[in-house]
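To keep things clear, I will list the structure first and then write my remarks on it.
The shown structure was predicted, so the numbers you read here are calculated from the model rather than taken from an experiment. First the proteins, then the strands, lettered A, B, ... as listed; each starts at 1.
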2 protein chains.
Amino acid sequence: MVDNLDFKTFRRIVDVSMEDMCRDLFLGNRESIRIKKERVAVKNLVKIFDAALSISNEKGFSAMSLRELSAEAGLSMGALYTYFKSKDELLDMIQRQGRMLIMRVLLNQIEGIEDPKIKLKQAILVHLYLSEVMQSWFYFSYMETKNLAKDEHRKAIEAELFTEKIFIDILKDGQKKDIFRPVDMELAGAALKAMLQDWYLKRWKYARRKVTVEKYAAFLVDLIETYLNPS
Amino acid sequence: MVDNLDFKTFRRIVDVSMEDMCRDLFLGNRESIRIKKERVAVKNLVKIFDAALSISNEKGFSAMSLRELSAEAGLSMGALYTYFKSKDELLDMIQRQGRMLIMRVLLNQIEGIEDPKIKLKQAILVHLYLSEVMQSWFYFSYMETKNLAKDEHRKAIEAELFTEKIFIDILKDGQKKDIFRPVDMELAGAALKAMLQDWYLKRWKYARRKVTVEKYAAFLVDLIETYLNPS
DNA sequence: GTCTATACCAGGATAGAC
DNA sequence: GTCTATCCTGGTATAGAC
């Protein structure tokens, strides 16, 4: 039986940062990025991504002008365009890279757990902690999905359904093993997903009420377990 | 003891439509709207609002050009500007008018109910049914809140907290009367709100899975009642 | 690799004819 | 009340100097 994963431990064992994300991006797109030195490229990509998320989450990606982005990132317009070919491509890059990172961490942290109850809890904790560390990315991703080009839009929807399916599969497994009572697990999974998303979509609200991520996690686990307990 | 409000009945007894909303808007802003004939004004406002919601929900309000809006609404650019002074004002108008309508209906439909359990159910049903009828407005409102000017933005946040508080108050009342078990009602209210919002934010998902609003409502009531049942 | 200067176009907004 | 024609700002994108 594994102990509860707490937030501090999560941060220590899981390597997630803007820098990692940008390094992955650089290594995976060497051809299309005109800058060749890794140190320089990663440093600037971090500045660009940070600035883009910060401005976009304030006023929306399409309302962000590249002049603004250039000022906030501390790079000239010309320099920006050595990292991406168009504003739309920048949007795609941010979304794609974030999705990859999330999938990797989430799957990684729950694999090998057999007990559905423990696995469910672990998945909830990892999802919440991830969205706590990468809040600006999660918020951005949610809000800007509909502005993506068709192909990327489709992939974003698939990713959303895929993570939801991870939860639904755990729930169904638990039901088969008579650990959870028989309810509509598709709806339960959707509801769970909605509450997980609320954590990063309404961060201002929870911050104002001084709700920590661990308190929210405990509440969520309690709620879902109470609902699923055999009666 | 009241019977469950079903969706069909709701549609019959509650008068909500774009036209009503636009008539209210016209009557409340006679001075600032340059058109004087009610019939003409309301007809065109409906066309403008419908077009604006449809385009914005596809690609975002700030990405919608007024030329596009003018084409979709079937009015010239010049005509558009007799109904609002600027694109930003249009955004404010839509948001403000929708908020008023929702408050009116929601408060109206739950007032006078004493039993917390029945009142909670009624509030959930009314919220879901309202967002079903006005889905495009709810989606728009959620997605575009952050693009509002400072003052309207503040009001939108207040409205969000106000409706949440309606739920939290019912929950706390039930707890005081020992009908619900003692849990953190602020968190329960927030979670409930998140699931209510998911209904209009992820409509495509529920439509694809053929989940009706009444099925979703029943699920939500079951989930929250199970959680709150005294143990 | 990065900057400045500039091209070019689309956007919001309005004047004035009908 | 509505339309057409036009203004002008500010947007994305790039060329070419350093």
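- Between the side chains of A:W137 and A:Q95, no donor-acceptor pair of N or O atoms lies under 3.5 Å.
- Put simply, CG on B:L66 is 16 Å from C1' on D:dT6, counting in whole angstrom units.
- In this structure a side-chain-to-backbone donor-acceptor pair under 3.5 Å is missing from B:N29 to B:S32.
- Atom-to-atom, NZ of B:K87 to C1' of D:dG10 comes out at 14 Å; the value is rounded to the nearest Å.
- Within 3.5 Å, a donor on the side chain of A:R67 pairs with an acceptor on the base of D:dG11, or the reverse.
- A cation-pi contact, defined as under 6.0 Å to the ring centre and within 45° of the axis, is absent between A:K202 and A:Y139.
- Residue A:Y81 has no polar side-chain atom (N or O) positioned under 4.0 Å from OP1 or OP2 of D:dT14.
- Ion pairing between a basic and an acidic side chain is recognised when a charged N comes within 4.0 Å of a carboxylate O; A:R96 and A:D92 show no such pairing.
- Of the two residues near DNA chain C, B:M64 and A:L75, the one whose nearest nucleotide lies more 5' is A:L75.
- Proximity of B:R34 to the phosphate of D:dG1: no side-chain N or O atom is located under 4.0 Å from OP1 or OP2.
- One atom, CG of B:L91, and another, P of C:dG12, lie 13 Å apart when rounded to the nearest Å.
- In this structure, B:F84 atom CZ and C:dA13 atom P are separated by 8 Å, rounded to whole Å.
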